[in-house]
Amino acid sequence: MPPPSCAPKSDLLVDVRGISKAYGQNRVLNNVSLGVRKSEVTCIIGPSGSGKSTLLRTLAFLEEYDSGEVYIEGELLGYIDHDNIRSKAPLAELNRVRQHVGMVFQQFNLWPHMTALGNVAEALMRVKRLPRSQAHARALETLEKVGLADKANEYPIRLSGGQQQRVAIARALAMEPHIMLFDEPTSALDPELVGEVLQVMKALAHEGMTMVVVTHEMGFAAQVADQVIFLDKGEIAASGPPQALFHGSKNPRLQQFLQNYLDRNAFWDQSGNTP
């Protein structure tokens with residue numbers, strides 16, 4: 001028998017089993033299950049208010065779930081089960097389980113009084129306890145990875161929105177996560193700045209980073225995702241490879257959503273391949 005807080009052995013890095021979440025009488029997630037394997041990219045799409053961000057935030061236990069289980073690399077997240085009794089995990093245990101989960105939010109959440117280098121290095125010093133010189137070296141290396149080594153000494157106010165979001169991505173990457181969560185990372189950007197952030201995310205996907213992405217960028221989902229989850233009214237209404245969902249799904253709610261948000265010909269050619 002596995003330990004009470006561990007899932008049966010699995011190749012899933014993220015294993016969500018029947019989670020539900022409600023705010024009072026408003027049920028925002030209802031019996032949601034999904035799995036993400038190493039190096040897979042999962043994109044979560046759906047209309048506003050469908051529970052997408054709430055679902056993503058439960059994967060880092062920034063939102064508590066009411067029932068079900070979330071396992072990160074085989075370990076139960078946020079709770080401890082013993083003798084069929086569930087209790088909330090102590091903060092130290094919670095942080096241990098989610099230590100390899102990085103998250104990038106809609107807003108950049110950069111410290112305005114720190115340079116780009118300082119924003120990336122701060123958590124390395126505070127959380128990883130790296131010496132300043134080592135933290136700065138890793139931060140600079142990570143900024144270079146997102147194309148911002150030349151902006152290391154700039155303050156956020158002197159960076160564009162796209163550059164600020166890339167600093168936020170670098171900050172998460174510097175912690176060496178095994179799983180990256182993105183909550184609509186381009187939604188706060190002007191349209192002309194979206195591409196530079198998506199290019200960084202595409203590069204991460206090609207390098208094998210395991211990613212779960214809430215997005216309205218359907219072209220990105222079509223080109224990069226291994227699986228797409230369509231969430232509607234807190235439930236998974238459809239899921240599968242992007243070609244199956246965007247090109248061949250008969251789900252009426254998904255079709256309606258695509259009609260509202262997509263011009264399919266923008267990213268599917270007649271053979272069903274991405275351009």
Side-chain angles (χ1 to χ4, degrees), residues 10-23 25-60 63 65-71 106 179-187 191 194 198 201-202 205 210-275:
S10 167
D11 62 347
L12 297 177
L13 263 64
V14 179
D15 188 359
V16 178
R17 301 182 181 184
I19 64 168
S20 296
K21 168 73 177 178
Y23 299 107
Q25 298 300 313
N26 180 26
R27 183 176 287 265
V28 293
L29 295 174
N30 185 30
N31 196 32
V32 172
S33 297
L34 63 93
V36 183
R37 290 176 172 80
K38 182 177 174 60
S39 298
E40 281 189 343
V41 177
T42 295
C43 285
I44 302 173
I45 65 172
S48 297
S50 60
K52 303 185 301 297
S53 290
T54 300
L55 173 58
L56 192 78
R57 289 171 66 86
T58 64
L59 304 186
E63 294 280 356
Y65 49 95
D66 299 329
S67 61
E69 295 89 31
V70 175
Y71 293 95
Q106 297 178 31
I179 304 155
M180 284 283 285
L181 310 178
F182 293 87
D183 188 5
E184 298 192 32
T186 61
S187 65
V194 169
L198 293 182
M201 295 172 64
K202 287 178 182 178
T210 306
M211 299 162 60
V212 183
V213 185
V214 169
T215 185
H216 286 298
E217 300 294 336
M218 299 301 154
F220 173 84
Q223 295 173 14
V224 178
D226 295 289
Q227 66 172 336
V228 177
I229 306 293
F230 174 59
L231 206 64
D232 187 41
K233 297 179 181 178
E235 298 183 348
I236 295 179
S239 64
Q243 180 170 334
L245 261 69
F246 292 141
H247 194 63
S249 175
K250 303 301 182 184
N251 183 291
R253 184 64 187 96
L254 176 58
Q255 289 182 333
Q256 181 186 17
F257 173 79
L258 293 175
Q259 288 172 359
N260 290 338
Y261 285 91
L262 302 175
D263 175 7
R264 294 189 188 189
N265 293 328
F267 57 90
W268 290 111
D269 65 22
Q270 292 182 349
S271 65
N273 297 315
T274 53

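Quantities reported herein were computed from a predicted structural model and do not represent experimental measurements.
- Residues Ser53 and Gln106 meet the side-chain proximity criterion, which asks for heavy atoms closer than 4.5 Å.
- Side chain of Tyr65 to backbone of Val70: a donor-acceptor contact under 3.5 angstrom is found.
- Formation of a donor-acceptor pair under 3.5 Å by the Ser33 side chain with backbone atoms of Gly18 is found in this model.
- The neighbour count for Lys202 NZ, taken as heavy atoms of other residues, nucleotides or ligands under 6.0 Å away, is above 12.
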Quiz prompt | Residues Arg17, Asp15; criterion side chain to side chain contact (heavy atoms under 4.5 Å, CB included); working and verdict | solution = CA-CA 6 Å; Arg17 301 182 181 184; Asp15 188 359; 2.7 Å; yes

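- Residues meeting the salt bridge (charged side-chain N to carboxylate O under 4.0 Å, His left out) test with Arg27, sequence neighbours left out: none.
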Self-check item: Asp66 vs Ser20, side chain to side chain donor-acceptor pair (under 3.5 Å): CA-CA, chis, key distance, verdict
Solution: CA-CA 6 Å; Asp66 299 329; Ser20 296; over 6 Å; no

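- Val36 pairs in a side chain to side chain contact (heavy atoms under 4.5 Å, CB included) with only one of the listed residues (Leu13, Thr210, Leu59), which is Thr210.
- Without hydrogens or angle criteria, Gln255 side chain to Ser249 main chain gives a donor-acceptor distance under 3.5 Å.
- In this structure, the side chain of Thr58 engages the main chain of Leu55 through a donor-acceptor pair within 3.5 Å.
- Under a 3.5 Å cut-off, the side chain of Asp232 and the backbone N or O of Arg253 do not form any donor-acceptor pair.
- Taking the side chain as every heavy atom from C-beta outward, Thr42 and Ile229 approach each other to under 4.5 Å.
- When all heavy atoms of Pro47 and Phe230 are compared, the pair lying nearest together is CD-CE1, 3.9 Å.
- Contact annotation: the side chain of Leu198 approaches that of Glu217 to within less than 4.5 Å [non-hydrogen atoms, C-beta and beyond].
- Proximity of Met201 to Val213: side-chain heavy atoms (C-beta onward) are separated by under 4.5 Å at one or more points.
- Taking 4.5 Å as the limit, some side-chain heavy atom of Cys43 sits within range of a side-chain heavy atom of Phe220.
- Glu40 pairs by the salt bridge (charged side-chain N to carboxylate O under 4.0 Å, His left out) definition with nothing, not counting sequence neighbours.
- Between the Lys52 side chain and the Gly46 main chain, a donor and an acceptor come within less than 3.5 Å of each other.
- Counting only distance, with no hydrogens or angles, the side chain of Asp226 and the backbone of Val41 share a donor-acceptor pair below 3.5 Å.
- Within the 4.5 Å cutoff, no side-chain heavy atoms of Glu184 are placed close to those of Thr215.
- Rounding to the nearest 0.5 Å gives a distance of 11.0 Å between CG of Leu56 and CG of Leu231.
- One finds the CE atom of Met180 at 7.0 Å from the CE atom of Met211 (value rounded to the nearest 0.5 Å).
- In terms of heavy-atom proximity, Pro185 sits nearest to Val214 at CD-O, 3.8 Å.
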Exercise. Run the numbers on Ile45 and Met218 for side chain to side chain contact (heavy atoms under 4.5 Å, CB included), then give the verdict.
Key: CA-CA 8 Å; Ile45 65 172; Met218 299 301 154; 3.8 Å; yes

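- To the nearest 0.5 Å, atoms CG (Leu258) and CG (Leu245) are separated by 8.0 Å.
- Closest heavy-atom contact between Gln227 and Gly35: NE2-O, 2.7 Å.
- The two residues Ile44 and Val212 make their nearest non-hydrogen contact at CD1-CG1, 3.8 Å.
- A 4.5 Å side-chain heavy-atom check between Val28 and Tyr23 finds at least one atom pair inside the cut-off.
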